[in-house]
Engineer: 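Sharing a structure, written as structure tokens. Questions coming.
Residues take their numbers from the sequence shown, with the count starting at 1.
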Amino acid sequence: MDIEKITGIAERRVYDPEPAAGEDSFGMALSAARDALESSRYRAADLDIVISASITRFKDGSRFTFEPSFAAMLAGELGARSAIHFDVSNACAGMMTGVWLLDRMIRSGAVRRGLVVSGEQATRVAQTAAREMTDSYDPQFASLSVGDSASAVVLDVSADAADRIHYIELMTCSEYSHLCMGMPSDRAPGIALYTDNKKMHNRDRLKLWPRFHADFLAKRGRTFAGEEFDYVIQHQVGTRFIDYVNQTAEAEFAAPMPASLAVVERYGNTATTSHFLTLGEHLRAGDARPGAKYLLVPAASGVVTGALSATLTNVGV
């Protein structure tokens, strides 16, 4: 089967299996955390909290770890000795969930600044799928699209409306909690969405986010067009998925969609890290306009949707 034709993914990153390379989930997360701190104004000792959101939890090469928490080990390695720490798990929305929690904690005054980090070593999933799959309708199909990566973000109190998170809202559709984003649907071959077990058609699945977001805005007397987003970052499942979601949303909002940012062609589906990897690559490319407004839209197993709205003026990474 032609994976690139179906998903739009031309290449992806694969971890170095040599333990000395330090490219297991923990090692990649640690490197990303150090990079984020290097780009920030803070040292690890300044952090009040460390939140880890990895789905894959490989450490010391191939050892899958639950205890102690990744956050505790990362805080220790970084030197964030006084930081509180915990792990979160919310499928591919894990890092977005970590940012949601940290944003709320900063707004409440519980902490001043913190780190959200995730490292994903998912290639093993792709290797297993490649050995076992028979066709593109196999429930493991989307596993072929995953890529290894890590991402981290440092958040602190916003002192300027021109550089802040405006809101983060997430919704879990608990009726479909047994469904996985990695299962193909027989109604849209090659699109990694959800199974059809609950008679939830693709056209309805794609409307989950825009309807949730429109309702959220309407309760505040606002509209999607009035938000004036400059960019949207969808979960990096595949190019067709991103195109379909944006087309569906444009029809639902009755408003043009902002420019869509994507790196899925080069990195594949990087799970929890996909939104922040895409944002980081956009900023590194030097194309970001200071003061641009970004919309990040999660789409995770569970089924999780929502929206993160932020304006970025300080675009250094």
Engineer: Of all the heavy-atom pairs spanning Ser54 and Phe70, show the shortest one and how long it is.
Structural biologist: OG-CD2, 4.0 Å
Engineer: Do Tyr294 and Leu308 have side-chain heavy atoms sitting under 4.5 Å apart?
Structural biologist: no
Engineer: Quick one: are Val297 and Val232 in side-chain contact, heavy atoms under 4.5 Å?
Structural biologist: yes
Engineer: Any chance you could lay out the side chain to side chain contact (heavy atoms under 4.5 Å, CB included) test for Val111 and Leu102, step after step, and finish with the verdict?
Structural biologist: CA-CA 8 Å; Val111 300; Leu102 180 51; 3.9 Å; yes
Engineer: To the nearest 0.5 Å, what is the distance between CZ on Arg284 and CG on Leu279?
Structural biologist: 9.5 Å
Engineer: May I have the step-by-step check of side chain to side chain contact (heavy atoms under 4.5 Å, CB included) for Leu101 and Asp103, ending in yes or no?
Structural biologist: CA-CA 5 Å; Leu101 289 166; Asp103 177 69; over 6 Å; no
Engineer: Would you say the side chain of Thr270 lies within less than 4.5 Å of the side chain of Arg13, judging by non-hydrogen atoms?
Structural biologist: no
Engineer: Has Glu252 got a side-chain atom pairing as donor or acceptor with Lys207's backbone, closer than 3.5 angstrom?
Structural biologist: no
Engineer: Does Ala93 offer a backbone N or O that forms a donor-acceptor pair with the side chain of Thr272 under 3.5 Å?
Structural biologist: no
Engineer: Do the side chains of Leu144 and Met133 get nearer than 4.5 Å, heavy atoms only?
Structural biologist: yes
Engineer: Identify the heavy atoms of Met28 and Ser149 that sit nearest to each other, and give their distance.
Structural biologist: CE-O, 4.0 Å
Engineer: Kindly work out whether a path of hydrophobic side-chain contacts (I/L/V/M/F/W/Y, heavy atoms less than 4.5 Å apart) joins Ile84 to Leu74.
Structural biologist: no
Engineer: How would you list all residue pairs meeting salt bridge (charged side-chain N to carboxylate O under 4.0 Å, His left out) that involve residues 139-165, not counting sequence neighbours?
Structural biologist: none
Engineer: Would a single hydrophobic cluster contain both Phe26 and Tyr15, if residues Ile, Leu, Val, Met, Phe, Trp and Tyr are joined by side-chain heavy-atom contacts under 4.5 Å?
Structural biologist: no
Engineer: Of all heavy-atom pairs between Pro298 and Leu170, which one has the smallest distance, and what is that distance?
Structural biologist: CG-CD2, 3.7 Å
Engineer: Show the nearest heavy-atom pair for residues Ala150 and Gly119, with the distance to one decimal.
Structural biologist: CB-CA, 3.9 Å
Engineer: What's the spacing between Ile55 CD1 and Ser118 OG if we round to 0.5 Å?
Structural biologist: 7.0 Å
Engineer: Between the main-chain N or O of Glu11 and the side-chain N or O of Arg266, is there a donor-acceptor pair closer than 3.5 Å?
Structural biologist: no
Engineer: Would you indicate whether the side-chain heavy atoms of His275 and Thr278 approach each other to under 4.5 Å?
Structural biologist: no
Engineer: Apply side chain to side chain contact (heavy atoms under 4.5 Å, CB included) to the pair Lys293 and His166, showing each step before the final yes or no.
Structural biologist: CA-CA 10 Å; Lys293 193 172 183 180; His166 304 297; 3.8 Å; yes
Engineer: According to a hydrophobic-cluster definition based on side-chain heavy atoms being under 4.5 Å apart (Ile, Leu, Val, Met, Phe, Trp, Tyr only), do Met73 and Ile49 belong together?
Structural biologist: no
Engineer: Any donor-acceptor pair under 3.5 Å linking the side chain of Asp230 with the backbone of Ala292?
Structural biologist: no
Engineer: Indicate yes or no: does Asp215 engage Arg211 in a salt bridge with an N to O separation below 4.0 Å.
Structural biologist: no
Engineer: In a check of side-chain contact (heavy atoms from CB on, under 4.5 Å) between Gln236 and each of Thr273, Ile242, Leu277, which one passes?
Structural biologist: Ile242
Engineer: If only atom types and distance count, is the side chain of Ser39 paired as donor or acceptor with the main-chain N or O of Ala36 below 3.5 Å?
Structural biologist: no
Engineer: Which pair of heavy atoms, one from Ala307 and one from Leu295, lies closest together, and at what distance?
Structural biologist: CB-CD1, 3.8 Å
Engineer: Over 60° means perpendicular and under 30° means parallel, so tell me whether Phe224 and Trp209 are parallel, tilted or perpendicular.
Structural biologist: perpendicular
Engineer: Side chain to side chain donor-acceptor pair (under 3.5 Å): which pairs involve residues 21-34, sequence neighbours left out?
Structural biologist: Ser25-Thr56
Engineer: Quick one, Asp87 and Arg57 - any side-chain contact, counting heavy atoms below 4.5 Å?
Structural biologist: yes
Engineer: When rounded to the nearest 0.5 angstrom, what distance separates CD1 in Ile168 from CG in Leu296?
Structural biologist: 9.0 Å
Engineer: Please name the pair of heavy atoms, one in Ser143 and one in Ala129, separated by the smallest distance, quoted to 0.1 Å.
Structural biologist: CB-CB, 3.7 Å
Engineer: Measure the spacing between OG of Ser158 and CD1 of Ile106 and express it to the nearest 0.5 Å.
Structural biologist: 10.0 Å
Engineer: Measure the spacing between CZ of Arg43 and CG of Leu37 and express it to the nearest 0.5 Å.
Structural biologist: 10.5 Å
Engineer: Quick one: does NZ or CZ of Arg12 land under 6.0 Å from the six-membered ring centre of Tyr267, within 45 degrees of the ring axis?
Structural biologist: no
Engineer: Take the angle between the ring planes of Phe212 and Phe216 and call it parallel below 30°, perpendicular above 60°, tilted in between.
Structural biologist: parallel
Engineer: Could you list all the side chain to side chain donor-acceptor pair (under 3.5 Å) pairs where at least one residue sits in residues 60-77, not counting sequence neighbours?
Structural biologist: none
Engineer: Does this structure show an ion pair linking Asp46 with Arg113, if we count only N-O contacts that are shorter than 4.0 Å?
Structural biologist: no
Engineer: If you measure from CE on Met96 to NE2 on His235, what distance do you get to the nearest 0.5 Å?
Structural biologist: 10.0 Å
Engineer: On the 0 to 90° scale, with breaks at 30° and 60°, tag the Phe58-Phe64 ring pair as parallel, tilted or perpendicular.
Structural biologist: perpendicular
Engineer: Answer yes if Val264 and Met257 sit in the same cluster of Ile, Leu, Val, Met, Phe, Trp and Tyr residues linked by side chain heavy atoms under 4.5 Å apart, and no otherwise.
Structural biologist: yes
Engineer: Look only at the side chain of His85 and the backbone of Ile51, and say whether a donor-acceptor pair between them is shorter than 3.5 Å.
Structural biologist: no
Engineer: For Glu132, I'd like to know if atom CD has over 12 heavy atoms of other residues, nucleotides or ligands within 6.0 Å.
Structural biologist: yes
Engineer: If only atom types and distance count, is the side chain of Thr248 paired as donor or acceptor with the main-chain N or O of Tyr244 below 3.5 Å?
Structural biologist: yes
Engineer: Report whether Phe276 and Val263 are members of the same hydrophobic cluster (ILVMFWY, side-chain heavy atoms less than 4.5 Å apart, transitive linking).
Structural biologist: no
Engineer: Pair Leu115, Leu78 - check side chain to side chain contact (heavy atoms under 4.5 Å, CB included), show working.
Structural biologist: CA-CA 11 Å; Leu115 172 79; Leu78 292 169; 3.8 Å; yes
Engineer: Hey, are Arg222 and Glu227 close enough for a salt bridge, meaning a charged N less than 4.0 Å from a carboxylate O?
Structural biologist: yes
